[in-house]
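Some notes on the structure that comes next.
Below, read A as the first sequence line, B as the second, and so on, with proteins coming before strands; counting in each chain starts at 1. Below, all heavy atoms of this structure are taken into account, side chains as well, without hydrogens, waters or symmetry copies.
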Amino acid sequence: MIDLRALRDDPEAVKASQRARGADPGLVDTLLAADAARRAAVVRADELRTEQKTLGRSIGKADPQERPALLERGRALAADVKVAEAAEAEAGAALTSAHRAIPNVIEGAPPGGEQDFVVLEHVGEPTDFDFEPKDHLALGEGLRAIDTERGAKVSGARFYFLRGVGAQLQLAMLNLALTTAIGHGFVPMIPPVLVKPEAMEGTGFLGEHSDEVYRLPADDLYLVGTSEVPLAAYHSDEILDLSSGPVRYAGWSSCFRREAGSYGKDTRGILRVHQFDKVEMFSYCDPADAAAEHRRLLGYEQEMLAAVEVPYRVIDVAAGDLGSSAARKYDCEAWVPTQQAYRELTSTSNCTTFQARRLGVRFRDADGRPQVAATLNGTLATTRWIVAILENHQQADGSVRVPAALRPYLGGREVLEPA
RNA sequence: GGAAGCGUGCCAGAGCGGCCGAAUGGGACACACUGCUAAUGUGUUGUGCUCGUCAAGGGCACCGAGGGUUCAAAUCCCUCCGCUUCCGCCA
């Protein structure tokens with residue numbers, strides 16, 4: 001939810017953000033009107049309640065003769081209050097829905113849609129091979145590391161087994177990610193992956209992307225698509241102490257995505273799957289520090305990408321391609337040789353106060369006053385990285401060189417050999 | 001799954017249907033006193049919304065959540081959630 005006070009002060013800024021996203025700027029006026037209407041309703045209801053309270057107190061000490069008249073008046077007032085409160089509730093609901101309709105105000109994101117991203121940096125050169133490179137699934141099958149056939153047999157399309165060195169490789173990568181995070185002051189977390197509707201709603205995943213989310217109706221719980229959800233909800237309705245800097249968590253979890261609407265896209269291998277594992281960074285900080293924290297998270301992602309030695313580029317994601325919670329987002333995309341394309345490996349979003357406002361996460365400013373905190377998140381490693389690692393480090397015989405940083409986590413192994 | 005009890009402010013812990021936003025104790029903070037520390041004294045010690053110049057200063061709401069009864073509810077009733085204990089069940 002955007003800041004209503006800021007909106008009242010400068011509606012044009014929000015309209016400009018809407019335009020950059022390709023969203024409807026008219027929603028801003030709708031929200032302003034709903035805000036004004038609600039405040040008017042609050043004032044009316046407050047006035048009636050004041051009158052009712054005053055009268056109510058006088059009844060207690062009134063003498064018996066005056067009582068019946070006062071009670072009569074009290075009953076009438078009670079009815080009026082009831083009506084005013086209903087109007088207040090209705091205006092509140094209208095405000096909430098208008099409020100939710102507006103995504104976060106962008107902060108520097110390039111205007112436009114998905115293809116309007118700006119490349120910030122290239123790191124490394126697209127890998128050159130003097131042989132015909134195999135794709136990650138062929139390599140993974142050769143290593144007996146990835147089994148999508150049996151994944152489909154057991155669970156359906158877009159499911160897989162990681163076996164043998166495949167399972168080990170993933171654990172190596174996630175462990176490296178967690179160790180890296182801990183080294184940078186993140187508190188490691190293994191969160192619940194089933195969450196209540198409030199948590200899912202609060203993080204903004206039940207909006208336009210709600211059909212991406214697995215729901216368990218029998219228990220009214222949702223399977224998270226990222227540990228961002230439980231980590232963001234972890235401090236909901238709390239006032240944090242941010243006086244000594246951001247509070248940082250690194251969540252290790254499985255992630256579940258329905259991938260509705262991506263039929264036929266990336267159907268081969270493990271690039272786009274219903275279940276994968278991820279180490280995710282999550283920061284709570286003073287909004288004044290959020291932009292700097294965002295660059296920091298990007299830096300940690302780049303440190304991980306350097307450790308697995310894959311070529312990649314960093315993009316500044318365009319406004320229209322941001323989620324509703326993000327004000328700005330940087331993606332790191334690794335080179336995938338058999339696709340001759342860059343594919344997303346990490347994504348870091350600055351959600352400013354948008355997510356925290358809905359979740360009720362606050363902190364005390366220098367004057368001791370509660371203020372809404374900023375939240376940020378970013379990827380440190382996911383199952384998808386295996387794609388880039390296998391493809392970029394493959395050798396002519398189908399073996400795969402292990403990046404040095406991963407070796408300690410793989411018993412010192414330098415090469416994965418076809419089984 | 002069954003039964004009983006409990007859910008109040010940073011913590012502990014009172015609370016008669018109106019005088020309770022809420023006693024009291026502790027903690028924390030501020031000031032005073034003391035050469036310093038300790039001790040002592042005094043004071044402060046919530047959050048949201050709203051009116052107001054996001055001032056001074058008002059108003060309203062909040063005692064697990066949501067409903068209800070009543071002129072009036074932390075206090076009565078109902079539903080739900082959570083915690084504790086006992087029984088059963090499954091490991």
Quick one: which of [options] gets closest to the side chain of [X]?
{"X": "Val42(A)", "options": "A72(B), G46(B), C49(B)", "result": "C49(B)"}
{"X": "Arg49(A)", "options": "C60(B), U47(B), A72(B)", "result": "C60(B)"}
{"X": "Val43(A)", "options": "C71(B), G48(B), U50(B)", "result": "U50(B)"}
{"X": "Arg8(A)", "options": "C54(B), C71(B), U50(B)", "result": "U50(B)"}
{"X": "Arg38(A)", "options": "C49(B), G59(B), U47(B)", "result": "C49(B)"}
{"X": "Arg5(A)", "options": "C54(B), C51(B), C60(B)", "result": "C54(B)"}
{"X": "Lys82(A)", "options": "U69(B), U50(B), C71(B)", "result": "U69(B)"}
{"X": "Ile239(A)", "options": "U47(B), C71(B), C49(B)", "result": "U47(B)"}

What integer distance in Å separates [X]:[atom1] from [N]:[atom2]?
{"X": "Glu88(A)", "N": "C49(B)", "atom1": "CD", "atom2": "P", "value": "13 Å"}
{"X": "Glu85(A)", "N": "C60(B)", "atom1": "CD", "atom2": "C1'", "value": "10 Å"}
{"X": "Leu240(A)", "N": "C10(B)", "atom1": "CG", "atom2": "C1'", "value": "15 Å"}
{"X": "Lys196(A)", "N": "C80(B)", "atom1": "NZ", "atom2": "P", "value": "16 Å"}
{"X": "Asp46(A)", "N": "G48(B)", "atom1": "CG", "atom2": "P", "value": "16 Å"}
{"X": "Asp10(A)", "N": "C54(B)", "atom1": "CG", "atom2": "C1'", "value": "16 Å"}

Are the ring centres of [X] and [Y] closer than 6.0 Å?
{"X": "Tyr284(A)", "Y": "Phe282(A)", "answer": "yes"}
{"X": "His274(A)", "Y": "Phe256(A)", "answer": "no"}
{"X": "Tyr222(A)", "Y": "Phe205(A)", "answer": "no"}

Tell me which nucleotide, if any, is Watson-Crick or G-U wobble paired with G35(B) when both distances must be under 3.5 Å.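 Its partner is none (no Watson-Crick or G-U wobble pair with both distances under 3.5 Å).
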Under a 3.5 Å cut-off for both distances, is U45(B) Watson-Crick or wobble paired, and to whom?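 Across any shown strand, U45(B) pairs with G27(B).
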Salt-bridge contact Lys278(A)-Glu280(A) (side-chain N to carboxylate O under 4.0 Å): yes
Tell me which of Leu71(A) and Ala45(A) sits closer to the 5' end of RNA chain B, going by the nucleotide each one is nearest to.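 So the residue in question is Ala45(A).
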Position toward the 5' end of RNA chain B (nearest nucleotide), Asp35(A) or Asp9(A): Asp35(A)
Distance alone, cut at 3.5 Å: any donor-acceptor contact between the side chains of Asp241(A) and Ser243(A)?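 Asp241(A) vs Ser243(A): donor-acceptor pair found between side chains.
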Looking at every strand, decide which applies to [X] at a 4.0 Å heavy-atom threshold: base, sugar-phosphate, or nothing.
{"X": "Gln52(A)", "result": "sugar-phosphate"}
{"X": "Arg369(A)", "result": "nothing"}
{"X": "Arg357(A)", "result": "nothing"}

Leu139(A) and side chain to side chain contact (heavy atoms under 4.5 Å, CB included): which partner among Leu416(A), Ile386(A), Leu390(A)?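 The residue from Leu416(A), Ile386(A), Leu390(A) that satisfies side chain to side chain contact (heavy atoms under 4.5 Å, CB included) with Leu139(A) turns out to be Leu390(A).
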Can you tell me if the side-chain N/O atoms of Lys53(A) get under 4.0 Å from OP1 or OP2 in G18(B)? no
